[in-house]
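Here is how names work: the chains are called A, B, and so on, in the same order as the sequence lines, proteins then strands, and each is numbered from 1.
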There are 2 protein chains.
Amino acid sequence: MSLLPHPATEEIQLAEVLRALADPVRLEIVDRLSREGELTCTGLGSEVGLHKSTMSHHYRILRESGLTLTRQEGRRKFIRLRREDLEKRFPGLLESVLDALERTGPQG
Amino acid sequence: MSLLPHPATEEIQLAEVLRALADPVRLEIVDRLSREGELTCTGLGSEVGLHKSTMSHHYRILRESGLTLTRQEGRRKFIRLRREDLEKRFPGLLESVLDALERTGPQG
DNA sequence: CAAAAAGTTGGACGCTCATCAAACTGGCTC
DNA sequence: GAGCCAGTTTGATGAGCGTCCAACTTTTTG
């Protein structure tokens, strides 16, 4: 039940994925999603300390790049990584980023 | 032969590498370097069609991020990818990007 | 020594982007 | 239905970035 626009797996663009990953806030979002699985917007925003509209902006970039999938349930939206889709489209790419995040953390 | 400032392998930062890759011009530079090996600045700039100072700007971002190594020889500078260093620091990351570039090209 | 060749640097311009605040939308609850 | 809840959208602001041009440095060549 996803009302929001997501790119199909074959339509995911490398440059857009890399651009979406090239921001420390979004890297931290991706890091948390990889460790904690599916999260709501408020669940994600609670530890970041930015305005909710700023977070919404980042969710959109992540979603439109193809990195995340957003599912609506009631008035909440659950966000998760599209790990399988990205593995099909760009094998090893997301997983190596997640591995790098585990090694050095979002700031390293 | 004074060497330019390059980060040590352990000092390469994930966010900086991703930011360096998040530009279509730099992605094309990385693509050409991966297919043709070591190239000079003019060799790289010949097919891109941007001003040489603009290219110089991109070379610096790539070098300072840790993606490339620049070696001076006479009045020319040779640029190549730091594939082994990056493999040590972030296993699979650069190689998966290069693989993605081979599949879809710098614009896909 | 003068001129060319290969890049770099600094300034300027326009555009994008991250951020916040306020208003808005759709869904739930009392 | 009134009011709250979870996010989004719009507008404004300030910082950063990609690009070009001109001037500069360094190295090679005539």
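Taking a cutoff of 4.0 Å between a charged side-chain nitrogen and a carboxylate oxygen, Glu95(A) and Arg83(A) qualify as a salt bridge.
Nucleotide dT28(D) holds its C1' atom 16 Å from the NZ atom of Lys77(B), rounded to whole Å. As rounded to whole Å, 16 Å separates atom P of dG3(D) from atom CZ of Arg75(A). Rounded to an integer number of Å, the gap from Arg71(B) CZ to dT27(D) C1' is 16 Å. Atom C1' of nucleotide dG7(C) and atom CE of Met55(B) are separated by 12 Å, given to the nearest angstrom. Rounded to an integer number of Å, the gap from Gln72(B) CD to dT25(D) C1' is 11 Å. Following rounding to the nearest Å, Leu62(B) (CG) and dG18(D) (C1') show an atom-to-atom distance of 14 Å. Taking atom CZ on Arg76(A) and atom P on dC5(D), their separation rounds to 13 Å, with Å as the unit.
Checked by atom type and distance alone, the side chain of Arg76(A) never pairs as donor or acceptor with a backbone atom of Thr42(A) at under 3.5 Å. Between the side chain of Glu87(B) and the backbone N or O of Gly92(B), at least one donor-acceptor pair lies under 3.5 Å. At distances below 3.5 Å, at least one donor-acceptor pair connects side-chain atoms of Thr104(A) with backbone N or O atoms of Ala100(A). With Arg71(B) contributing its side chain and Ile79(B) its backbone, the two residues share no donor-acceptor pair below 3.5 Å.
Using a 4.5 Å heavy-atom cutoff, the side chains of Arg103(B) and Asp99(B) are in contact. Looking only at side-chain heavy atoms (C-beta outward), Arg82(A) and Arg89(A) stay at 4.5 Å or farther from each other. For the pair Ile29(A)/His58(A), a side-chain contact is recorded, criterion being any heavy-atom separation below 4.5 Å from C-beta on. At least one side-chain heavy atom of Tyr59(B) sits less than 4.5 Å from a side-chain heavy atom of Leu44(B). Side chains of Leu21(B) and Arg26(B) form no contact here, defined as non-hydrogen atoms less than 4.5 Å apart.
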So if I define the base as every atom that isn't primed, P, OP1 or OP2, how would nucleotides 9-22 of chain C read as a B/S/- string at a heavy-atom cutoff under 4.0 Å? B-------SSBBBB
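Five base pairs at each end of the helix from dC1(C)-dG30(D) to dC30(C)-dG1(D) define two local axes, and these are offset by 10° (rounded to 10°).
Near DNA chain C, defined here as any heavy-atom distance below 4.0 Å, the residues from residues 28-48 of chain B are Thr40(B), Cys41(B), Thr42(B), listed numerically.
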Evaluate Leu93(A) against Leu86(A) for side chain to side chain contact (heavy atoms under 4.5 Å, CB included), listing each step before the verdict. CA-CA 8 Å; Leu93(A) 178 56; Leu86(A) 279 151; 5.7 Å; no
